Every structure is written in structure tokens, then in C-alpha cells.
Number of protein chains: 2
Amino acid sequence: MNPVKFYKCLADETRLKSLLLISEAGEACVCNLMDALQLDQPKTSRHLAELRKCEILQSERRGKWIYYKLHPDLPEWAREVILGTARSNADYFAKALQVLNTSINNGC
Amino acid sequence: MNPVKFYKCLADETRLKSLLLISEAGEACVCNLMDALQLDQPKTSRHLAELRKCEILQSERRGKWIYYKLHPDLPEWAREVILGTARSNADYFAKALQVLNTSINNGC
DNA sequence: AAAACATATATGATATTTCACATATGTGGA
DNA sequence: TCCACATATGTGAAATATCATATATGTTTT
């Protein structure tokens, strides 16, 4: 994982918040993140695809939905950056996290 | 320190390497970094200025030269991101660090 | 079971915005 | 005045948004 490439992925509000949310929730599908971030579907999907191409996220289809989670092979230092950022900036995505949990519980 | 703003600053090779080098060396002046990164002066200066405006770096003039170091008020989580990245990616900037140390010892 | 329809997600094309660089010029201290 | 550094401007490249459309799965109807 090239450090600059990694940070380029974090250098966008949609992608960073998606990562922080997924790191907290464990996993989430596109529709959950659309709700949580108040974004349209193509925008959400595109940014997730970019994170997947960089191998920061891994996707898995289960039935109709596609779930995203942190990639199991993500280097430890990179994982720590994401988790540490989440721990120290809870208020930055608190509202989105609340909506995300509601969305997950309601099953999309 | 807004997380996205912070990561935007790291999402560029010149800026990221400058930060990693400065975090290792403690401080460095523009001419040292020009040597280490093989860049011209305006380019080096512009990126350092951006890091200074974001309050990731602090500058101090001592005689003819201007020295940059990590900003004392940088939030702990952000400092940890930089130090952790340096620890886990030594080979990414090893060559530049070697040149930097030579440049520092030779007094620009 | 097949056809028709609905839903979730991905992607192509293009317009738009953002960003980085080169060059030139400005400024402050020795 | 010279040197080290900063900044302003024009320009080309790259990232992003948006709209339309494609694909894949699930559901209902007949």
C-alpha cells in the first residue's frame, strides 16, 4: 500500500466518512451509506468502488445487497490510521453514524 | 483540525515526504528539503506554505534560513498518523532521508 | 416455470471543478 | 545589492459530479 495513494483515498469527505462509518459498524451496504451520508446512489457507489480498487475496502454480495468492509489484507499501519481517526474525531461523523445504525436496523 | 483537510495535505508526494522527513529530522530548512526531494525552490516552498497554513508545520526564521518543524499544537492523533506512517514506511523515504541528513550536516 | 416488473448497485460519457506546475515577480534580512 | 524564500498568475491535467443507462438479483403474476 503506497502511502500517498492511501491518503489520496482519505482526502475526500465522502470516502473518509464512509471509511469511518464502516470501521465503526463493521460493514455496511450502499443503501445504508446513502442514507447516512445523504448522497445519491451513483456518487456513493463510485467512491466505494474507488476504495475497493485501492484495496482499502472489500465488497461481498449477499442477495440483493452488496456489503463493504475494511479489507482483511489492509496493512496494520493503515488500519490504525483509520481506527485512530475514528476514535479521535467521533463528533465529525456522529450524526451520520446514528443514521447509519438506524438504516442498518431497519434493513435498508 | 478537520480530518479531511488534514488528509488532503498528506495526499501529495511532496508534502507527505516533507512531513515524514521533518518528523524524522526534527526540523529542516527549505534548502535541505530541496536537496532531499530534488525539487526546485518555488515548488518546495509552496507545499511547505500549504502545510504551514493548515497548521501542520510551524516555521521559524533563524538568520538567513527558515526552518520548519511539526506544529507544537498539532492534535495528538494527527501527530501519531505522521509518526506511525514514518515508522511503517521507512523505505518509502529512506533515500531522501539520507540526502537530507547529508544536507543538514553540510549546512545547506 | 416463464414473463414481467421492481430494486440494488455499477458504469459510461461528459461537464465542471479542483489542483499542481512553471515562470515571473516580490520581499526581507545579511 | 545579493541571497534565500515567498507569492501571484496563467495553463494544462486530474479529480469529481451528474445524468443516463446497464447489470444482477429478487418478486410477482399468469
Side-chain angles (χ1 to χ4, degrees), chain A residues 2-19 21-22 25 27-69 99-100 103-108, chain B residues 2 4-19 21-22 27-69 100 103-104 106-108:
Chain A
N2 174 282
V4 171
K5 191 174 151 200
F6 176 66
Y7 288 123
K8 274 185 199 290
C9 284
L10 305 205
D12 173 274
E13 183 168 6
T14 298
R15 290 194 298 271
L16 181 59
K17 279 195 176 165
S18 296
L19 282 175
L21 289 171
I22 288 171
E27 64 174 18
C29 67
V30 180
C31 54
N32 296 144
L33 292 165
M34 287 170 59
D35 288 352
L37 299 173
Q38 309 262 56
L39 298 174
D40 60 23
Q41 185 272 323
K43 182 169 174 176
T44 310
S45 178
R46 266 180 203 291
H47 284 292
L48 291 174
E50 196 176 333
L51 292 169
R52 171 165 39 82
K53 278 172 195 152
C54 292
E55 297 181 300
I56 296 175
L57 290 181
Q58 194 182 59
S59 68
E60 179 196 358
R61 179 185 282 274
R62 291 210 296 280
K64 193 155 47 171
W65 292 280
I66 295 186
Y67 291 85
Y68 284 87
K69 63 178 176 188
V99 179
L100 181 73
S103 172
I104 289 174
N105 291 333
N106 291 354
C108 265
Chain B
N2 174 283
V4 170
K5 193 175 150 198
F6 175 68
Y7 288 123
K8 274 185 198 290
C9 284
L10 305 204
D12 173 275
E13 184 169 5
T14 299
R15 290 194 296 272
L16 182 60
K17 280 195 176 165
S18 297
L19 281 175
L21 290 171
I22 289 171
E27 65 174 16
C29 67
V30 179
C31 52
N32 297 144
L33 292 165
M34 286 172 58
D35 287 352
L37 300 173
Q38 310 262 53
L39 299 173
D40 59 22
Q41 185 272 324
K43 182 169 173 177
T44 310
S45 178
R46 186 164 23 78
H47 284 293
L48 290 173
E50 196 174 333
L51 293 170
R52 172 164 39 81
K53 278 173 195 152
C54 292
E55 297 181 300
I56 296 176
L57 289 181
Q58 195 182 57
S59 69
E60 179 195 358
R61 180 186 282 274
R62 290 210 296 279
K64 195 155 45 173
W65 289 281
I66 295 184
Y67 291 86
Y68 285 87
K69 62 180 177 186
L100 182 72
S103 172
I104 289 175
N106 291 352
C108 266

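Reminder, nothing fancy here: chain letters follow the sequence lines and each chain counts from 1. On a predicted model such as this, the values are computed, not experimentally measured, just so you know.
For dA15(D), the OP1/OP2 oxygens have no side-chain nitrogen or oxygen of H47(A) closer than 4.0 Å. In terms of phosphate contacts, R46(A) brings no side-chain nitrogen or oxygen within less than 4.0 Å of OP1 or OP2 of dT9(C). For S45(B), a side-chain nitrogen or oxygen approaches OP1 or OP2 of dA6(D) to under 4.0 Å.
One N or O on the side chain of N32(A) and one on the backbone of C29(A) form a donor-acceptor pair closer than 3.5 Å.
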Carefully, step by step, assess R46(B) and K43(B) under the rule side chain to side chain contact (heavy atoms under 4.5 Å, CB included).
CA-CA 5 Å; R46(B) 186 164 23 78; K43(B) 182 169 173 177; 4.0 Å; yes
Go through the steps for L33(B) and L39(B) under the test side chain to side chain contact (heavy atoms under 4.5 Å, CB included), then give the verdict.
CA-CA 8 Å; L33(B) 292 165; L39(B) 299 173; over 6 Å; no
Side chain to side chain contact (heavy atoms under 4.5 Å, CB included) between L100(B) and D35(B), worked out:
CA-CA 7 Å; L100(B) 182 72; D35(B) 287 352; over 6 Å; no
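What separates NZ of K43(A) from P of dA10(C) is a distance of 16 Å, to the nearest Å. What separates CG of D35(A) from C1' of dA8(C) is a distance of 13 Å, to the nearest Å. Put simply, CG on L48(A) is 12 Å from P on dT11(C), counting in whole angstrom units. Rounded to a whole Å, the CG atom of D40(A) is 12 Å from the P atom of dA20(D). For the pair L39(A) CG and dA17(D) P, the interatomic distance rounds to 9 Å; values are reported in whole Å. Spacing between atom CD of E13(B) and atom P of dA14(D) amounts to 15 Å, rounded to whole angstrom units. To the nearest angstrom, P of dC21(C) lies 15 Å from CD of Q38(B).
Below the 3.5 angstrom threshold, one finds a donor paired with an acceptor across the side chain of Q41(B) and the base of dA6(D).
Across all their heavy atoms, I22(B) and L48(B) have their closest contact at CD1-CD2, 4.4 Å. Nearest heavy-atom pair, L37(B) versus T14(B), reported as atom, atom and distance to 0.1 Å: CD1-O, 4.0 Å.
Because its NZ or CZ atom is not both nearer than 6.0 Å to the ring centre of Y68(A) and within 45° of the ring axis, R52(A) does not count as a cation-pi partner of that residue.
Against DNA chain C, the stretch residues 49-69 of chain B makes heavy-atom approaches under 4.0 Å through R61(B), G63(B).
Residue R15(A) has its side chain nearest to dT16(D) when only dC5(D), dA22(C), dT16(D) are considered.
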